[in-house]
Trainee: 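I have a structure here, written as structure tokens, and I will follow up with some questions on it.
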Amino acid sequence: MRKIVALPVLSADALSSVAYGPEALLAVLVLAGTAGLAYSAPVAGAIVFLMLAVGLSYRQTIRAYPHGGGSYIVATDNLGRVPGLMAAAGLLTDYVLTVAVSVSSGMAAVTSALPGLSDDVVLIGLLVIAVLLAGNLRGVKQAGALFAAPTYAFIIAILSLVAVGLYDAAGRGFEATPTPPLHAVEGVGLLLVMRAFASGSTAMTGIEAISNAVPAFEPVSWRNARTTLSWMVGLLVTLFAGTIALVHLTGVVPESRETVLSQLAHITFGSGGMYIFIQAATALILLLAANTAYNDFPRVLYLLARDSHAPRIFLRLGDRLAFSNGIMLLSVAAAVVYAAFDGKTASLIPLYAVGVFLAFTLSQCGMVVHWWRRRERHWRKSLAFNAVGALLSAVVFITAGITKFTEGAWLALLTVALFLLVTTRIRHHYDMVRRAVRLHSRLIEIPSRTLPPRPESRKTRAEGADGVEGPSDLLPRRDRHPEKEEREEREETPEEIRHLSVVLVDALHQASMRAMAYAASLQQPVLALHVSPSDEDAERFRESWLLWGDHLPLRIVLSPYRAIVTPLISYIEQLHHQRPDLTITVILPEIVVRHWWHRPLHSPLAGRLRRALRPLSKIVVTTVPFHVDG
């Protein structure tokens, strides 16, 4: 991506937080009345310093991880498995709340302009999440001017609001308008100020998005990413500080019926076209920020599944080349959270800060360890930046956890703990299964009398789903006669059936060996079929196959998007069309576990293949079970 496109696309989440971050800060301070609001400027100043420190920290991350350095990757690489899982828990919590908070804040912007919709915010918000789900399942991606426009519109809207508001304030000598009389329900104290600091710090959510997407930039990617990050942090500081300054000068206080931004826009521009533009731009960027989570949440789940910490169904791409299972899980979780808190942004904010700053803290601690170990050029300066970022992020995390514990932070902390428990148990189960199916030295042969005629060439070749080979090298090709084929569809005796067994081999282990042995025992031609995501993976599997002995003909289907079902179906359909006289039996190894709660960890591929291949005649799908205890 060019920087001019990457800036709005990757900054939407961070910049959109200006719509609720300053208001979250003020909503805490207003509890202490006018005396509490007097602390808005120093608290906002501390948050601005935090933004700059964390921004500088992530510049170091981009330099160290030019291929993308999200919190999970950085923490796992440098701190170990458990801190990495804690960072992943924080990220996933952050993404769920990004959807819920963005939708709730967007609905607040809409209802501020259209108060008649206030009673239906939960229903409308759930419909918005449903639309996001449907759009992302169809493969909606962040790209181009379509997604850049809302962010640039929001930047223009808020900069115009701040500029005109400051110009009006200059006309009266920057004299602040007194706030209306406020009834204090709490006294001003350190606890209140720290709560306000933690709430306002949610304006930093999404700041790590650019470090995750470094490879998406034009060359030199890491340098362009750092430049874009600097622009994003600069804009975030300007919009955040400008909004707080305008609030102070206009005497605006948070209200339940109208957002702070809406009040500022009303005071500055009235209710005309510019007000409508500001509210529309705010709602659009919040919708885009919610959609950003639909790209990042499934990606983190994919990384967890790759490392055996999450069910392997999250490795799979849907027909639209989207991580469909992760997208559906995010939508369900966000909808439940949104409905449980009645679509109120103020109620969701206490949960938000915990996940965000847990991930920030672990990522920056990981970078401190990275620089200490590597000691590359300028490592001391980079270590210092990351150490400051880690310290400040830890302060916010601890503050949010303590001061907002009873307001909902306990739920976020409990979620992290449960996530650690579940992911470690999943890894334990996969490790146990891996040990159970591991090959032994005696499992090297399949009886040679069951083998089909060898192909002319003993070398196996990787073929794409659109260029697969048929079974012509396995069985003699028969001349095709339509009337004969029609007669063969009504096979009624065993002698009339001609077989080809296709065994899906994901890896060489005891389960796949049992499936191949079963196929070979049927005394019919057998073809082993492997789906590989890349040429490198295909070559590694081929080497293992040759080491095993190359006992059966092998075909490798390349699937660069890691889809399995679609390329399998395409290959089998082509076999069927090339040899309609054959009855093709698709044989899959199946891991059978003792406990029902382990079943979702193993993909029900056979059922999906049966449903997809049912329209074709003379296709049989069967499984060969391999039982695993534990």
Side-chain angles (χ1 to χ4, degrees), residues 10 13 58 61-62 64-99 136 141-142 206 208-216 225 292-318 321-330 333 355-356 358-367 369-370 415-416 418-431 434 506 532-534 536-537 559-564 600-603:
L10 298 175
D13 190 5
Y58 272 105
T61 303
I62 289 172
Y65 285 84
H67 300 295
S71 295
Y72 172 66
I73 294 174
V74 174
T76 302
D77 284 353
N78 299 287
L79 301 178
R81 182 184 301 174
V82 172
L85 290 175
M86 292 174 65
L91 283 176
L92 294 177
T93 304
D94 176 23
Y95 294 140
V96 170
L97 289 168
T98 291
V99 176
N136 282 277
K141 299 291 182 183
Q142 291 183 344
E208 79 157 13
I210 291 176
S211 69
N212 287 332
V214 177
T292 302
Y294 279 90
N295 293 282
D296 295 333
F297 183 92
R299 177 66 180 171
V300 175
L301 275 179
Y302 164 80
L303 294 173
L304 288 167
R306 184 196 64 183
D307 296 338
S308 299
H309 290 298
R312 287 172 181 157
I313 58 173
F314 295 117
L315 290 171
R316 191 169 61 228
L317 286 168
L321 302 183
F323 290 104
S324 305
N325 294 308
I327 288 170
M328 288 187 286
L329 178 60
L330 172 61
V356 172
L358 175 60
F360 282 176
T361 301
L362 291 169
S363 174
Q364 297 311 304
C365 288
M367 288 307 304
V369 174
H370 171 87
T415 300
V416 172
L418 290 175
F419 180 87
L420 281 174
L421 176 63
V422 172
T423 52
T424 52
R425 295 305 300 170
I426 289 174
R427 174 63 181 259
H428 174 76
H429 173 75
Y430 280 135
D431 287 344
R434 197 174 294 114
D506 61 332
S532 186
S534 67
E536 293 77 12
D537 290 313
S559 178
Y561 297 104
R562 294 187 179 272
I564 295 178
L601 301 180
H602 300 276
S603 176

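Start at 1 with the first residue, then count along the sequence.
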Trainee: How long is the span from the CG atom in Asp431 to the CD1 atom in Ile426, to the nearest 0.5 Å?
Mentor: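 CD1 of Ile426 is found 12.0 Å from CG of Asp431.
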Trainee: State, yes or no, whether a side-chain contact exists between Val96 and Leu92 at a heavy-atom distance under 4.5 Å.
Mentor: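 A side-chain contact under 4.5 Å is absent here.
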Trainee: Taking the six-membered ring for Trp, are the ring centroids of His602 and His429 within less than 6.0 Å of each other?
Mentor: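 Here the rings of His429 and His602 have centres that are less than 6.0 Å from each other.
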Trainee: So, for Ala305 and Leu315, which heavy atoms are closest and what is the spacing to 0.1 Å?
Mentor: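 Between these two residues, the closest heavy atoms are CB-CG, 3.8 Å.
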Trainee: Working to the nearest 0.5 angstrom, can you tell me the gap between Leu91 CG and Leu362 CG?
Mentor: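 Separation between the atoms: 9.5 Å.
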Trainee: Taking side chain to side chain contact (heavy atoms under 4.5 Å, CB included) as the definition, give me every residue that meets it alongside Ala64, ordered by chain and number, with sequence neighbours left out.
Mentor: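 Result, side chain to side chain contact (heavy atoms under 4.5 Å, CB included) vs Ala64: Met367, His370, Trp371.
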Trainee: Is it the case that over 12 heavy atoms from other parts of the model lie below 6.0 angstrom from the CZ atom of Arg425?
Mentor: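 Incorrect, the count does not exceed 12.
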Trainee: Any non-hydrogen side-chain atom of Tyr430 less than 4.5 Å from a side-chain atom of Leu601?
Mentor: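 They are in side-chain contact.
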Trainee: Do you know the tightest heavy-atom contact between Val214 and Pro66?
Mentor: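 Here Val214 and Pro66 meet closest at CG1-O, 3.0 Å.
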Trainee: Mind checking what makes side chain to side chain donor-acceptor pair (under 3.5 Å) contact with Ser534, not counting sequence neighbours?
Mentor: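 Ser534: side chain to side chain donor-acceptor pair (under 3.5 Å) contacts with Glu536, Asp537.
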Trainee: Establish, from distance only, whether the side-chain atoms of Thr292 and Asp296 form a donor-acceptor pair under 3.5 Å.
Mentor: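 No, no side-chain donor-acceptor pair sits under 3.5 Å.
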Trainee: So, do Val99 and Phe297 sit near enough that their side-chain heavy atoms are less than 4.5 Å apart?
Mentor: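 No, too far: nothing below the 4.5 Å cut-off.
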Trainee: Under 3.5 Å, is there a donor on one side chain and an acceptor on the other for Glu208 and Ser71?
Mentor: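 Yes, side-chain donor-acceptor contact under 3.5 Å.
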Trainee: How far apart are the closest heavy atoms of Thr61 and Gln364, and which atoms are they?
Mentor: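 Closest approach of Thr61 to Gln364: OG1-NE2, 4.0 Å.
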Trainee: Among residues at least two apart in sequence or on other chains, which ones pass ring-ring contact (aromatic ring centres under 6.0 Å, His included) with Phe360?
Mentor: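 In terms of ring-ring contact (aromatic ring centres under 6.0 Å, His included), with neighbours along the sequence ignored, Phe360 is linked to Tyr58, Phe357.
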Trainee: Side chain to side chain donor-acceptor pair (under 3.5 Å) with Thr415: which residues, sequence neighbours excluded?
Mentor: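 Here no residue qualifies.
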Trainee: Going by the rule side chain to side chain donor-acceptor pair (under 3.5 Å), which residues pair with Tyr72 if we only count those two or more places apart in sequence or in a different chain?
Mentor: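 If we apply the side chain to side chain donor-acceptor pair (under 3.5 Å) test to Tyr72, skipping adjacent residues, the hits are Asp307.
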Trainee: Between His309 and Val422, is there a side-chain heavy-atom distance shorter than 4.5 Å?
Mentor: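 SC-SC contact between Val422 and His309 ruled out.
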Trainee: Under 3.5 Å, sequence neighbours excluded: what are the donor-acceptor pairs made by side chains of residues 78-90?
Mentor:
| residue | atom | partner | partner atom | Å |
| --- | --- | --- | --- | --- |
| Asn78 | ND2 | Tyr65 | OH | 3.0 |
| Asn78 | ND2 | Val74 | O | 2.9 |
| Asn78 | ND2 | Gly366 | O | 3.4 |

Trainee: Which pair of heavy atoms, one from Leu301 and one from Gly326, lies closest together, and at what distance?
Mentor: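 Smallest heavy-atom distance, with atoms named: CD1-CA, 3.9 Å.
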Trainee: Quick one: pull up OH in Tyr294 and CG in Leu330 and give me the separation to the nearest 0.5 Å.
Mentor: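 Going from OH on Tyr294 over to CG on Leu330, the span is 5.0 Å.
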Trainee: Find out whether Phe419 and Leu304 are in side-chain contact, i.e. whether some heavy atom of one side chain is under 4.5 Å from a heavy atom of the other.
Mentor: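 They are in side-chain contact.
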